[in-house]
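Below: one structure, written as structure tokens.
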Amino acid sequence: MILLWLGRADIATEAKEAFMAALIGFEDGCGGFYSYRAYFLAAAGLGEFPQSTHAEGILTQLLQWRFGEVSPPLREGARVALLQTDRPLAIATLEQCIQTTDNPFTAWQAAYTLGKILDPGNAMAIATLIHLIDTVYTEALRLQVIESLGKMAPDHPIVLRSIQEILASTQQDKIRCRAAYSLGKMNPGNAHAIAVLEQLIDSTLDATVRLVAAKNLILLDTENRIAVKALDSLQKKSVKTSQKRQIKPAAHPTSAQLIARLEQRLATAKNTTEVRRIAFRLGTLQPGHPQAIACLLQLLLSTESSTSYKRLVEDLKQVLLDHQFAEAVVHLKEYVARSELSVPTQPSSVQWHECHKLLWYCAQQMSYAEFSKAWIS
């Protein structure tokens, strides 16, 4: 309804401008989570009201969030908003960004968004990627840039030539594996790509690379005997390992007896990885289990946790009930609020980012009134 209102010809421009100003200036008083959503709404509003005097400022801010050192949810929100806003404005802003940035990563991401999504085949985007292929020094980034160019302009002669150059120069098995697969995808039946993957399967000491190479080779050459043999061997080893680890079937997952047993184990467990596993199991058997939720939140907020913060957030998303989102906000707000969310450069710790992601998730599930109440409590 808001976007339709902005597109109506019978609404005064002054009223629309005032509304856009209110959106981009909205202060939610609870960490900025709803302020950002209001800003993204203003960006989408430019699709109906591109002549807004706030357009340049909105798009500039979106690019700062999209390519800056900010939390992943904010970066993702800016990416989506950039695709929803007025396309000509977005294209012009991205072209300006490409011309002015000194950061090769930003130039690559901006060029790909421009030339692959917003304006397929954009000449500036293609020229930028070609320039980056010749100037970036990191092999991994160079290969990603080549792959991006291949998606935008698959027939461009520089694409295959550049991948061949990486295969000839790199000493890293992971890079060789990925480059060979990219070459085979872009040039089906390429004998060099197949030969490199076969060689990796036979020679690399990295088991993970061997597995990836075999899987990639099957995708390029479904009947390749070397790949089939390697995957068959790896599968047999996996079966033997799983058989060694096999345990007796657990009791019925909803039984009160099993839940009581897990509660006892959780109360005495010392290792943080074990605590996470037991708490998550308990939370899946009885969603919203208070003891399980408390343990998972405690681990997430602990600086001494040996378990993955990302995994903890995913666990909590699965076991939290609607009425417990407020509890999560109360626990997380003090940790996250130590840094001003409006500052472009955010704390870089994995823990901070994951806590911030969980708060974003809660904000999406809760109304503004509910979230605000929990934040200020």
Let me confirm one number: the [atom1]-[atom2] distance from [X] to [Y], rounded to the nearest 0.5 Å.
X      : Y      : atom1 : atom2 : result
Leu312 : Gln351 : CG    : CD    : 9.5 Å
Glu334 : Cys355 : CD    : SG    : 12.5 Å
Cys97  : Leu59  : SG    : CG    : 11.5 Å
Ile194 : Asp221 : CD1   : CG    : 4.5 Å
Asn224 : Ile201 : CG    : CD1   : 6.5 Å

Sequence neighbours excluded - side-chain hydrogen bond (donor to acceptor under 3.5 Å, both in side chains) pairs with any residue from residues 142-153: Trp108-Ser148, Arg142-Glu165, Glu147-Arg178, Glu147-Ser182
Pairs meeting criterion side-chain hydrogen bond (donor to acceptor under 3.5 Å, both in side chains) with involvement of residues 80-104, two or more places apart: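 Qualifying pairs, neighbours excluded: Glu95-Asn122.
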Run the side-chain contact (heavy atoms from CB on, under 4.5 Å) test against [X] and tell me which residues pass, sequence neighbours left out.
X      : answer
Arg277 : Thr273
Ala21  : His54
Ala78  : Phe40, Leu62, Trp65, Arg66
Ile2   : Leu6, Phe19, Leu41

So which heavy atom on [X] is nearest to which on [Y], and how close?
X      : Y      : answer
Lys333 : Ile376 : NZ-C, 4.0 Å
His353 : Val70  : CE1-O, 3.8 Å
Leu301 : His331 : CD1-O, 3.4 Å

In a table with atom names and distances, give each donor-acceptor pair under 3.5 Å that connects a side chain of residues 282-297 to protein atoms at least two apart or in another chain.
from, atom 1, to, atom 2, distance (Å)
Thr284, OG1, Phe280, O, 3.2
Thr284, OG1, Arg281, O, 2.7
His289, ND1, Gln291, N, 3.2
His289, ND1, Ala292, N, 3.4
His289, NE2, Glu263, OE2, 2.6
Gln291, NE2, Glu263, O, 3.4

Pair Glu27-Ser35, side-chain donor/acceptor within less than 3.5 Å: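 No.
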Modelled atom types, side-chain donor and acceptor of Gln365 and Asp322, under 3.5 Å: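 The criterion, which ignores hydrogens and geometry beyond distance, is not satisfied for Asp322 and Gln365.
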Test of ring centre spacing under 6.0 Å for Phe26 and Tyr34: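 Ring centroids of Phe26 and Tyr34 are no less than 6.0 Å from each other.
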Sequence-distant partners of Lys317, salt bridge (Lys or Arg N to Asp or Glu O under 4.0 Å), two or more places apart: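 By the salt bridge (Lys or Arg N to Asp or Glu O under 4.0 Å) rule, Lys317 matches Glu314.
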Non-neighbouring partners of Lys116 that pass salt bridge (Lys or Arg N to Asp or Glu O under 4.0 Å), sequence neighbours left out: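 Residues passing salt bridge (Lys or Arg N to Asp or Glu O under 4.0 Å) with Lys116: none at all.
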Can you tell if the side chain of [X] reaches within under 4.5 Å of the side chain of [Y], non-hydrogen atoms only?
X      : Y      : result
Gln199 : Arg176 : yes
Ile158 : Leu129 : no
Leu46  : Ser52  : yes

CD (Glu56) with more than 12 external heavy atoms under 6.0 Å: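 Atom CD in Glu56 is not crowded, with 12 or fewer foreign heavy atoms closer than 6.0 Å.
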Geometric class of the His356/Trp352 ring pair [parallel <30°, tilted 30-60°, perpendicular >60°]: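 Trp352 and His356: parallel rings.
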Phe33 and its ring-ring contact (aromatic ring centres under 6.0 Å, His included) partner, picked from Phe371, Tyr368, Tyr361: Phe371
salt_bridge(Glu76, Arg79) N-O dist < 4.0 Å: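 Salt bridge present between Glu76 and Arg79.
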Residue pairs passing the ring pair (Phe, Tyr, Trp, His ring centres under 6.0 Å) test where at least one lies in residues 150-193, sequence neighbours excluded: none
Partner residues of Phe49 under the ring-ring contact (aromatic ring centres under 6.0 Å, His included) criterion, sequence neighbours left out: none
Non-neighbouring partners of Thr170 that pass side chain to side chain donor-acceptor pair (under 3.5 Å), sequence neighbours left out: Glu139
